[in-house]
Structure formats: structure tokens, C-alpha cells
Amino acid sequence: MTAASSGKRPRVRFAPSPTGFLHVGGARTALFNWLYARKYDGDFLLRIEDTDRQRSTDESTRAIFEGLEWLGLSWDEEVVYQGANVARHYADAHRLLDAGAAYRDFTPASELERLRAEAEARGDAFKFDRTMAELSPEALAEKLANNEPYAIRFRVPEGTTEWPDLVHGRIAFPNKDIEDFIILRSDGTPVYNMAVVSDDIAMGITLVMRGDDHISNTPKQILLYRALGAEVPQFGHVPMIHGTDGKKLSKRHGATAVGDYQHQGLLPQAMLNFLALLGWSPGDDTEVMTVPELIERFSVHGLHAKAAVFDTKKLEWMNGQHLAQIPIDQLAAIVAPLVERAGLSSVADLQARHDWFCGVLELLRIRARLTDEIVAQSRPFFVESVEYDPEAVSKQWRDAAATADILDATRERLASLETWEPAAMEEGLRKLAEERGISGGKIFQPLRVALTGLTVSPGIFDVLLYVGRERSLARIAEAVAYLRQ
RNA sequence: GGCUCCAUCGUCUAUCGGUUAGGACGCGACCCUUUCAAGGUCGAGAGACGGGUUCGAUUCCCGUUGGAGCUACCA
């Protein structure tokens with residue numbers, strides 16, 4: 001009977017090793033586990049696999065927490081640190097030894113290395129030969145009495161080890177291809193597969209969902225579960241994420257840490273949405289989904305077996321979609337600190353004129369893909385006077401005298417308006433254009449440069465509205481003076 | 001080399017034997033338009049190859065090719 005069919009509450013886990021930042025591949029594995037737990041009313045646990053003392057750092061552990069928190073992938077129960085459980089791993093390994101499911105191997109590591117190198121030189125595959133470790137009772141007693149170091153190896157039985165993988169279907173490994181692997185090093189520390197199985201049993205994990213790269217560990221782990229007399233959980237191996245060259249995603253593909261995207265101005269829900277679609281599909285054409293929708297629609301049936309290529313273009317598009325649909329208050333809360341950091345305003349000030357700020361955001365969100373772009377484009381709405389982009393000047397202010405003349409007339413017309421609202425502005429300026437026998441663009445474009453210093457901005461009347469009457473008129477006057485100097 | 005997994009447009013994917021093989025990103029064109037976006041319309045673009053099974057295969061099976069992962073007293 002499998003864990004799933006026994007009707008127990010599902011318990012899944014994400015088990016990263018703290019040897020670097022939180023990678024997008026890891027984040028997606030975490031996401032699938034989290035979605036599974038939320039969807040099927042289970043527990044999502046977090047285990048830090050810090051048994052590799054050489055490479056594990058507290059900084060990495062913090063980075064993993066921060067990444068998961070930013071994404072909103074909250075875990076249930078206390079974080080489990082694998083390193084705290086080595087005594088149990090040791091005991092489990094010895095339990096296997098005592099039961100005859102494992103044996104002592106006194107072969108020095110250096111000897112193993114030598115044999116491996118030799119086999120490789122011959123072009124052969126090295127596989128540990130069980131008979132190498134066979135000792136007479138007397139020899140064993142002597143080595144034990146001499147306190148000679150030994151590793152404990154698992155005795156792989158005959159047969160075939162197979163399991164119904166949640167995403168791949170049946171996967172089978174002939175046991176003859178699995179060597180008697182070490183479960184406890186000669187220094188008494190546990191090796192990965194031993195620690196993982198011991199912990200997953202202790203944590204009551206019912207489904208192990210992890211990356212494809214662990215498929216070849218699975219038969220070893222299943223053998224361990226059985227030898228330990230534990231119930232074998234379900235397994236599901238999700239595909240890897242590749243770079244555009246089809247290789248496993250790595251640093252040379254550019255940004256691969258979720259923190260990189262956080263700092264580039266990605267919304268966590270967009271990141272989650274994008275990641276979810278890499279290796280999973282709701283079954284129809286739906287693409288843009290909120291987190292609750294993701295939970296609602298998640299199903300193991302939609303999981304794929306094929307590796308997916310990480311396409312940052314689509315990620316940015318996805319972010320633009322979320323930027324446009326997220327509740328404006330939520331966006332304001334995210335962007336306000338960024339505006340403050342850019343030195344344009346303060347969070348307190350933005351709170352004081354919340355409606356105005358949200359209005360500006362409404363103008364900018366639709367034409368931005370990253371929050372960073374929103375911040376950059378918000379500049380004209382905050383500063384007193386703008387700097388003129390040389391390109392904008394040469395393109396829209398070619399004839400200085402004529403432009404100054406038009407801007408002056410524009411300023412006068414706007415100043416004469418009784419109300420400062422877009423419809424009136426447009427009516428006034430269109431009338432001005434008509435009087436002068438020119439197109440509206442001949443007024444709007446130079447005006448845009450005067451107000452923003454740029455050739456690109458939201459609609460000109462919205463800019464006037466949100467920059468405000470006094471500041472707008474002052475800026476136009478400033479532009480006129482600049483052109484006439 | 002051995003073992004395992006994978007294979008629909010450039011990319012992400014729909015199809016759970018019968019479709020003019022659909023959608024999205026990106027790309028191109030057009031529309032909208034005061035700029036840029038957004039939006040709308042249209043276009044180019046795919047079942048790796050070879051065998052079976054079947055009335056009928058993208059779909060099921062086998063092989064080939066290609067790609068990926070693993071192959072430590074790392075995790």
C-alpha cells in the first residue's frame with residue numbers, strides 16, 4: 001500500500017542544501033511542493049540539508065529563507081536542519097548493519113580512487129565488488145580490535161527496483177546496475193541517501209517531489225526504506241530547467257537566483273506564475289494566473305516529463321501582465337520603497353498623497369514590464385524641473401524660436417483654463433492647433449519634452465494633470481526661457 | 001563507456017486514436033494613436049527519422065538518431 005492510498009494527510013517537503021542562493025530551479029521545485037500541499041490540504045515542510053559542512057553556509061540558509069519568503073512559499077512546522085539528526089542517521093545505518101542489510105568495508109578511500117582511475121583508463125565502468133570487502137571472522141575481529149576505520153555499505157539485493165513515478169509513470173532499475181553504495185562514511189557521518197531517507201521517514205513524508213536529477217537516487221532510497229521496514233512514499237520527478245542552449249541552467253546563463261529577479265523589479269506572483277508554467281500546464285490556454293488560481297488549478301496530472309527552457313522574455317511579459325492587473329494599492333506598497341530608494345520621494349510622503357501616487361502608477365504600470373521601469377518613468381512626476389534629453393531636443397525642438405513661440409502660446413492657453421482637467425486641456429490645445437493651422441502633434445510633442453524632458457511618456461494630458469498646474473506652467477516657462485537663451 | 005529519463009512552431013505549451021495540429025512569448029505587417037506602451041486584426045513558424053498495431057496515428061509499441069541527468073566515503 002502506498003502512502004497516497006492509505007488516505008493519510010499529504011506531507012511534502014523542499015530540501016535544499018545551503019551551498020548557494022535560491023536557484024530558480026529550486027524555487028520551482030519548492031513551488032510545486034507548496035502547490036501540492038495547498039491544493040490537497042497537506043503540509044509543506046522545509047528541510048535544510050546542511051550535512052556538507054565544507055560547502056554549507058549560514059548565509060546561503062538565509063538566502064533560501066529570504067527567497068521563499070519573498071515568493072510567499074510559506075512552510076508549515078519548524079525548519080528541519082539535517083545536521084541536527086546525524087545521530088539518528090548513524091543509528092539507522094547501524095540498524096541496517098546489525099540486520100545484515102549492510103556490511104563493513106575496510107577498503108581505504110585511496111584504494112577505491114586508484115581502482116576507479118584504473119577502470120576509467122581502460123574505458124570500463126567501475127563498480128564496487130562486494131567480494132572485496134569479504135573478511136574471515138578472524139580478520140574482521142582483528143581489524144575491529146585494531147580500531148581500523150571502515151565505511152558501511154548497503155548490500156543491494158538481487159532483482160529490480162521500480163516505482164510508479166507521479167510524472168513519469170513506471171521507472172525501473174535493474175539492481176545489478178546499482179553498486180553497494182556507502183551509507184555511513186568511515187568518519188561516522190551519513191551519506192546523502194541515508195540522511196534523506198532517515199529524515200523523510202522521521203518527518204512522515206508521503207510524497208517526495210524533486211528534480212529529475214534525483215531519479216537515479218530513487219532506487220537506492222527505495223531499497224533503504226524497505227530495509228528499514230518503512231513505508232515507501234510516492235515519488236514524483238519534475239523536469240529540469242535548462243538555459244537557452246539546452247543545458248542545465250547555471251550561472252553562465254545569466255541571472256539564475258530568484259534574488260536577481262527580485263532586484264530587477266519582478267513581482268513575486270509573476271515569478272511564481274512563470275515558474276509554474278515551466279513543466280506544468282493547467283490543461284487549457286490559461287496563462288496569466290494569480291496565486292490562488294494556481295492553487296485552484298494545480299494538479300499532478302498537468303506535470304510534464306520534458307525539460308523546459310528558461311525564457312526571460314516571456315518572464316518579463318508575464319510580469320507586465322501582473323503589473324497591469326495587480327490591485328493598485330498592492331502595487332503602491334511595492335513601488336513606494338523603490339521610489340524612496342531612488343531618492344525621488346519618501347514612503348511617508350507617498351502615503352500622504354496616496355490617491356495621487358496611485359494615479360501616477362495607473363499611468364505607468366500599463367507601459368512597464370518591470371517595477372524598475374515604473375520608478376524610472378515616474379521621475380518627471382516628482383522632480384521640480386526636468387533635464388532635457390539631447391535626443392528629445394534635437395528631435396522635437398529643432399527650430400528653437402518657433403518651438404519657444406508655440407510653447408509660450410501653449411502655456412498661455414493652459415493658464416487660461418478654468419479647470420485643470422484633461423478634457424478642457426485637450427479642447428484648448430486642439431483649438432490652438434487649429435488656429436495656427438498645425439496638427440495637434442506639433443503642440444503635444446514639444447510640450448512633452450518641456451514637461452518630461454523625454455520623447456516618451458504617458459498621454460500628455462495625464463502628465464499635465466499629475467505634474468499639476470503650477471509645476472506644469474513653470475516647466476513650460478522654463479523650456480521657453482531655455483529655448484530663447 | 002554504463003544506467004535512466006526525454007522528444008509538437010526558435011521558446012513555453014493544448015491534443016488523453018479521427019483537428020484545416022489550437023494558444024502564448026518572441027518576430028513581421030496593419031489598425032488604434034500626441035509619443036511610448038497597452039489593446040485589436042493578420043502573417044511566417046512544429047509532430048526528429050524508420051518500422052509496426054489500427055479502418056485511422058502527433059497520440060500506443062519497437063528501433064534509430066538527437067538531447068539531458070546520474071555514474072564520489074558531494075548533495
Side-chain angles (χ1 to χ4, degrees), chain A residues 15-19 49-52 54-56 82 105 107-109 112-113 116 119-120 122-127 149-153 165 168 171-174 176-179 181-187 189-193 195-196 211-219 237 239-240 242 244 246-248 274 277-288 301-302 304-311 313-318 320 324 364-369 373 377 392 395-396 426 429-430 433 439-449 452 454-461:
Chain A
S17 52
T19 55
E49 308 213 320
D50 55 352
T51 48
D52 184 347
Q54 301 294 312
R55 295 193 296 155
S56 299
Q82 191 160 64
D105 175 18
T107 316
L112 252 20
E113 240 169 79
R116 206 181 309 279
E120 209 168 301
R122 284 195 310 269
D124 290 344
F126 174 78
K127 184 168 167 258
Y150 59 87
I152 296 180
R153 280 186 189 269
D165 195 273
H168 293 272
I171 297 181
F173 281 79
K176 65 174 174 55
D177 294 324
I178 306 170
E179 78 170 4
F181 54 95
I182 287 174
I183 53 178
L184 199 72
R185 298 187 187 93
S186 49
D187 65 0
T189 60
V191 145
Y192 174 74
N193 284 312
V196 167
D212 250 356
D213 49 345
H214 285 288
I215 285 181
S216 55
N217 280 320
T218 305
H237 291 89
M240 315 234 65
H242 286 172
T244 44
K247 304 260 194 260
K248 189 174 172 179
F274 176 74
L277 258 21
L278 238 42
W280 172 78
S281 159
D284 58 23
D285 292 336
T286 313
E287 296 212 275
V288 181
H301 181 76
H304 298 160
K306 196 184 88 172
V309 174
F310 194 82
D311 180 4
K313 280 269 182 25
K314 189 151 187 177
L315 207 209
E316 286 187 13
W317 167 78
M318 182 66 80
L364 301 178
R365 73 196 307 199
I366 205 73
R367 61 202 86 221
R369 293 202 150 190
E373 291 169 12
Q377 287 162 13
K395 198 171 171 195
Q396 304 298 348
E426 177 157 13
L429 295 190
R430 289 223 185 260
S439 68
K442 287 281 188 289
I443 289 178
F444 306 147
Q445 289 299 80
L447 177 56
R448 171 169 285 110
V449 179
T452 67
L454 307 167
T455 52
V456 171
S457 82
I460 198 66
F461 305 112

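Quick caveat: nothing in here was measured; it's all calculated off a predicted structure. Every chain is numbered from 1 and lettered A, B, ... according to where its sequence line falls, protein lines coming before strand lines.
- A distance of about 42 Å separates the P atoms of B/G22 and B/U71, rounded to the whole Å.
- In this structure, of B/U4, B/C73, B/U34, it is B/U4 that holds the atom nearest to the side chain of A/I171.
- For B/G63, the paired base is B/C49 (Watson-Crick or G-U wobble, both distances below 3.5 Å).
- B/G2 and B/U8 have their C1' atoms separated by 31 Å, given to the nearest Å.
- Taking atom P on both nucleotides, B/C36 is separated from B/G45 by 30 Å, rounded to a whole Å.
- No contact: A/F310 has no heavy atom under 4.0 Å from any strand.
- Between the A/Q445 side chain and the A/G441 main chain, no donor and acceptor come within less than 3.5 Å of each other.
- Using N1 to N3 plus N6-O4 or O6-N4 for Watson-Crick, or N1-O2 and O6-N3 for G-U wobble, each under 3.5 Å, B/C27 pairs with B/G43.
- One can find a donor-acceptor pair under 3.5 Å joining the base of B/G22 and the side-chain atoms of A/D285.
- As rounded to the nearest Å, B/A7 and B/U13 have P atoms that lie 11 Å from one another.
- Closest approach to the A/S186 side chain among B/C73, B/A7, B/A24 is made by B/C73 (side chain taken as heavy atoms from C-beta onward).
- In this structure, A/I182 CD1 and A/N193 CG are separated by 12.0 Å, a value rounded to the nearest 0.5 Å.
- Of the listed nucleotides (B/G26, B/A14, B/C6), B/G26 has the atom at the smallest distance from the side chain of A/W317.
- Checked against B/C73, B/U4, B/A75, the side chain of A/Y192 finds its nearest nucleotide in B/A75.
- Of the candidate nucleotides B/U34, B/G23, B/C5, B/G23 has the atom lying nearest to any side-chain atom of A/K314.
- With B/C12, B/A75, B/C36 as the candidates, the nucleotide lying closest to the side chain of A/V456 is B/C36.
- The separation of B/A48 from B/G10, taken at their C1' atoms, amounts to 16 Å, rounded to a whole angstrom.
- Here the nucleotide nearest the side chain of A/D213, chosen from B/C25, B/C70, B/U13, is B/C70.
- Within 4.0 Å of A/S17, counting heavy atoms only, lie sugar-phosphate atoms of the nucleic acid but no base atom.
- In this structure B/G1 sits in a base pair with B/U71, meeting the Watson-Crick or G-U test at under 3.5 Å.
- Of the P atoms belonging to B/G26 and B/A38, the separation is 8 Å, rounded to the nearest Å.
- Residue contacts for A/R55: at a heavy-atom cut-off of 4.0 Å it reaches a base atom on one of the strands shown.
- Across the C1' atoms, B/C25 and B/A46 are found 16 Å apart, a figure rounded to whole Å.
- Listed candidates were B/C73, B/U35, B/C25. Nearest to the side chain of A/A109 is B/C73.
- Here B/U8 sits opposite no nucleotide as a Watson-Crick or G-U wobble pair (both hydrogen-bonding atom distances under 3.5 Å).
- Using C1' as the reference atom, B/A24 and B/A14 are 11 Å apart when rounded to the nearest Å.
- Residue A/T218 is classed as having no contact, given no heavy-atom separation below 4.0 Å to the nucleic acid.
- Taken from OG1 in A/T452 to CD in A/Q377, the straight-line distance is 10.5 Å, to the nearest 0.5 Å.
- Within 4.0 Å of A/H242, counting heavy atoms only, lie sugar-phosphate atoms of the nucleic acid but no base atom.
- For A/K248, taking side-chain heavy atoms from C-beta onward, the closest of the listed nucleotides B/A37, B/A38, B/G69 is B/G69.
- Between A/A305 and A/K395, the one whose closest nucleotide on RNA chain B sits nearer the 5' end is A/A305.
- Comparing B/C12, B/U35, B/C73 by their closest approach to the side chain of A/L112 singles out B/C73.
- Side-chain N/O atoms of A/K247 and base N/O atoms of B/A68 include no donor-acceptor pair closer than 3.5 Å.
- Atom NZ of A/K127 is surrounded by more than 12 heavy atoms from other residues, nucleotides or ligands within 6.0 Å.
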